[in-house]
*Asks:* 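Just passing along the structure, written as structure tokens.
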Amino acid sequence: MIDERRRILDMLAQGKVTVDEAEKLLAAVGEPADGREPLANPMRTADRARARYLRVMVEPLNDEGDHVDIRVPLQLLRAGVKLAAIIPKDAQGKVATALDEKGISLDLANLRPEAIEELIEGMGELSVNVDTVKEKVRIFCE
Amino acid sequence: MWPPSLLRIHIQEQKRRKISLWLPVFLLWPLAAALAAVLAPPVLVLALAGWSVAKRVVLLAPAAADVLCSLRGLRVHVNGQDGDVTIAFF
């Protein structure tokens with residue numbers, strides 16, 4: 001929504017749309033014409049505000065698999081990204097190579113703390129449920 | 001945010017004795033703080049003098065402390081056929 005609002009304002013500044021047209025476009029994307037922030041769904045806002053942990057749960061459907069229950073504080077993700085941003089570049093390269101060997105393509109140099117903050121904000125509503133023949137996987141924030 | 005006070009480690013293998021530890025990690029923090037207070041001035045002086053290792057320590061130490069303080073609430077529990085393992089920070 002922020003990107004759409006910025007795009008509309010850029011179009012207005014470039015003269016591609018009139019003030020009336022910009023006002024209609026802003027109203028269409030949910031932004032009040034007087035510039036105030038639209039009222040967010042209080043329940044969704046509350047969910048995002050309450051989310052402090054990322055839970056990963058794996059429940060086997062038979063006796064052969066392992067029960068896995070992992071709870072990671074979201075604050076740990078923030079702190080980890082900040083730490084990763086300070087790691088020297090040669091060490092970042094080695095870490096990236098090691099992750100790549102495991103099939104994880106992650107460029108630590110481009111991992112910005114601002115980006116992880118947006119990700120964590122959006123994760124408040126995250127809910128992933130995977131049901132397979134052998135197990136159930138649930139990933140959510142609480 | 002405060003660092004974790006307790007670390008619980010629980011390991012139980014099938015048909016074997018179990019290991020259940022509650023480690024008072026809060027005892028380490030005053031020692032760590034005292035060590036940091038003693039080492040901080042010379043490290044800062046060396047960093048200002050241009051020593052690259054000291055510069056890295058000055059940059060990494062606050063971030064590492066932030067990671068340490070964020071461990072509170074981390075819990076990993078795996079229960080399988082081979083046994084049960086729980087690691088949790090309180």
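Everything numeric here is computed off the predicted structure, so don't read it as measured data. Numbers restart at 1 for each chain; the letters A, B, ... are given by sequence-line order, proteins then strands.
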*Asks:* Got a sec: does the CG of A:Asp10 have more than 12 other heavy atoms crowding it under 6.0 Å?
*Replies:*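 Check passes, neighbour count above 12.
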*Asks:* Do A:Val56 and B:Val78 belong together in a cluster built from hydrophobic side chains that touch within less than 4.5 Å?
*Replies:*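 Yes, one cluster joins them.
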*Asks:* Go through B:Gly73, B:Cys69, B:Pro62, B:Ala88 and name the one with the most non-hydrogen pairs under 4.5 angstrom from chain A.
*Replies:*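 That would be B:Gly73.
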*Asks:* Are B:Val45 and B:Trp51 co-members of a hydrophobic cluster defined by side-chain heavy atoms under 4.5 Å apart?
*Replies:*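 No: no chain of side-chain contacts under 4.5 Å links B:Trp51 to B:Val45.
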*Asks:* How far apart are the closest heavy atoms of B:Asp66 and A:Gln75, and which atoms are they?
*Replies:*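 Shortest heavy-atom contact: OD1-NE2, 4.1 Å.
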*Asks:* Under 4.5 Å from any heavy atom of chain A, what part of B:Arg75 do you find: side chain, backbone, both or neither?
*Replies:*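 For B:Arg75, backbone and side chain are both near chain A.
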*Asks:* Does any non-hydrogen side-chain atom of A:Asp66 lie less than 4.5 Å from one of B:Asn79?
*Replies:*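 When only atoms from C-beta onward are counted, A:Asp66 and B:Asn79 do not touch, as no gap falls below 4.5 Å.
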*Asks:* Answer with yes or no whether the hydrophobic clustering places B:Trp22 together with B:Leu27; edges join I, L, V, M, F, W, Y residues whose side-chain heavy atoms lie under 4.5 Å apart.
*Replies:*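 Yes; tracing contacts between hydrophobic side chains, which count when under 4.5 Å, links both residues.
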*Asks:* B:Ser70 and A:Ala79: which non-hydrogen atoms are nearest, and at how many Å?
*Replies:*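 The pair with the smallest heavy-atom distance is OG-CB, 3.6 Å.
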*Asks:* Determine, using the 4.5 Å side-chain heavy-atom cutoff (strictly less than), whether A:Val137 and A:Phe140 are members of one ILVMFWY cluster.
*Replies:*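 They do not share one cluster, since no chain of ILVMFWY contacts under 4.5 Å joins A:Val137 to A:Phe140.
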*Asks:* For A:Leu76 and B:Val67, work out which heavy atoms get closest and say how close.
*Replies:*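 The answer is CD1-O, 3.7 Å.
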*Asks:* Quick check on the hydrophobic clustering: are B:Val25 and B:Leu35 connected, directly or via other members, by side-chain heavy-atom contacts under 4.5 Å?
*Replies:*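 Result: no, two separate clusters.
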*Asks:* Nearest 0.5 Å, what's the NE2-NE2 distance between A:His67 and B:His77?
*Replies:*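 NE2 of B:His77 is found 8.0 Å from NE2 of A:His67.
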